[in-house]
Protein chains: 2
Amino acid sequence: MTRSKSKRQTGCPIAFALDTFGDKWSLIIIRDMLMRGKETYGEFLAADEKIATNILADRLQHLQDEGLIEKKRDPQNRRRYLYRLTPKGLDLTPIVLEMVRWSAAYDPNTKASPAVVTRIQSDREGLLKDLIQKNKPERD
Amino acid sequence: MTRSKSKRQTGCPIAFALDTFGDKWSLIIIRDMLMRGKETYGEFLAADEKIATNILADRLQHLQDEGLIEKKRDPQNRRRYLYRLTPKGLDLTPIVLEMVRWSAAYDPNTKASPAVVTRIQSDREGLLKDLIQKNKPERD
DNA sequence: CTTCATCACTTGCATATCACAAGTGAATAC
DNA sequence: GTATTCACTTGTGATATGCAAGTGATGAAG
């Protein structure tokens with residue numbers, strides 16, 4: 001395991017956030033969990049963005065160390081693990097939504113769903129509730 | 001200049017955002033401009049996080065290429081340049097605020113101003129307006 | 001008009017991180 | 001037992017980062 005992610009420790013909230021999930025891949029994984037219902041290693045590997053397997057393993061470990069996700073054996077198939085967002089990880093939803101809004105506004109090739117983009121503006125609270133509900137840790 | 005920043009081009013808004021400003025330093029620079037009124041190279045260099053000068057030059061160029069900031073000579077002192085947020089860069093404010101909110105909630109050593117954190121919850125719209133007003137491009 | 005200081009970078013180089021390919025080991029399936 | 005799936009690990013070259021030192025264009029002082 002490549003020991004990475006040194007913390008800047010300045011107390012600045014932006015630096016803290018960047019040190020926790022501010023790399024090229026962590027939010028891609030979070031997005032897959034939050035918006036696409038993915039929960040296994042193989043599903044994350046299959047993402048359009050082609051994450052390398054060692055980087056994926058490293059990021060999952062890091063996100064777990066940071067308490068954003070948790071890892072459990074799948075009771076249905078004991079050779080796989082299920083990764084789930086913790087409440088702390090789920091609480092990144094507003095950040096993810098604001099990023100979607102921004103990119104939808106400025107990326108001419110965006111594939112962001114217009115329905116979601118519209119709802120971010122018109123019913124932010126409701127959308128947040130729905131996403132958080134769908135990813136509630138107690139849900140199975 | 002180290003040519004970096006390859007784009008993933010999948011159309012995913014999260015990937016687009018990460019490719020545009022999702023590195024260890026870009027949002028630190030944006031924060032300095034947005035929340036701390038910094039606008040010169042020397043001011044960015046002096047940040048608590050100790051950004052290396054070559055990385056700073058590279059990121060400023062990148063942010064300029066992406067249209068998030070603009071660079072002008074300082075009319076008061078022609079040997080310095082002023083960096084300012086464009087409307088596209090200013091529109092990152094909601095993302096920055098959500099990151100502040102998240103970090104303030106989960107970093108036990110946060111130095112986030114309680115006044116700001118409270119206002120993010122209680123008067124999000126007003127706070128956004130104020131920050132955007134303060135950084136309006138036409139202001140001098 | 002020469003010298004000196006400031007400001008915004010560039011360049012070089014050691015170190016760290018990433019990406020790609022291939023390999024390992026545990027849990028089921030047959 | 002043999003094969004297959006799944007979740008990783010390991011090795012190696014490419015890329016990016018961090019640090020120190022150097023450069024060129026103002027502008028200020030004498």
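As the structure is a computational prediction, the values presented were derived from the model and not from experiment. Protein chains get the first letters and strands the later ones, always in sequence-line order, with residue 1 at the start of each.
Whole-Å rounding puts the B:Ile55 CD1 to D:dA20 C1' distance at 14 Å. Distance B:Phe44 CZ to C:dA8 C1': 12 Å, rounded to the nearest Å. The distance between atom CG of B:Asp74 and atom C1' of C:dT6, rounded to the nearest whole Å, is 13 Å. Going from atom CD1 of B:Ile51 over to atom C1' of C:dA8 covers 14 Å, rounded to whole Å. Regarding A:Leu60, its CG atom lies at a distance of 10 Å from the C1' atom of D:dA7, rounded to whole Å. Regarding B:Gln61, its CD atom lies at a distance of 16 Å from the P atom of D:dA16, rounded to whole Å. Rounded to an integer number of Å, the gap from B:Arg8 CZ to C:dC18 P is 12 Å. Between the P atom of C:dT15 and the CG atom of B:Asn54 lies a distance of 16 Å, rounded to the nearest Å.
Nearest-nucleotide mapping onto DNA chain C: of A:Asn77 and B:Leu45, the residue sitting toward the 5' end is B:Leu45. Between A:Arg78 and A:Lys24, it is A:Lys24 whose nearest contact on DNA chain C lies nearer the 5' terminus.
A close approach under 4.0 Å does not occur between any side-chain nitrogen or oxygen of B:Arg79 and OP1 or OP2 of D:dA25. The side chain of A:Arg80 places no N or O atom within less than 4.0 Å of a non-bridging phosphate oxygen (OP1 or OP2) of C:dA26. Residue A:Arg73 places no side-chain N or O under 4.0 Å from the OP1 or OP2 atom of C:dA26.
The side chain of B:Trp25 sits closest to D:dG18 out of C:dT10, D:dT9, D:dG18. Nearest nucleotide to the A:Thr40 side chain, out of D:dA7, C:dC20, D:dG18: D:dA7. Of the listed nucleotides (C:dA8, D:dC19, C:dC18), C:dA8 has the atom at the smallest distance from the side chain of B:Tyr81.
Take A:Ala57 and apply the side chain to side chain contact (heavy atoms under 4.5 Å, CB included) test, not counting sequence neighbours, and it matches A:Tyr41. For B:Thr40, the side-chain hydrogen bond (donor to acceptor under 3.5 Å, both in side chains) partners two or more places apart in sequence, or in a different chain, are B:Glu43.
Here B:Tyr41 lies in heavy-atom contact (under 4.0 Å) with a base.
With a 6.0 Å cutoff to the six-membered ring centre and a 45° limit on the axis angle, B:Arg8 counts as a cation-pi contact of A:Trp25.
More than 12 heavy atoms of other shown residues, nucleotides or ligands fall within 6.0 angstrom of atom NZ in A:Lys71.
A 4.5 Å side-chain heavy-atom check between B:Arg124 and B:Glu98 finds at least one atom pair inside the cut-off.
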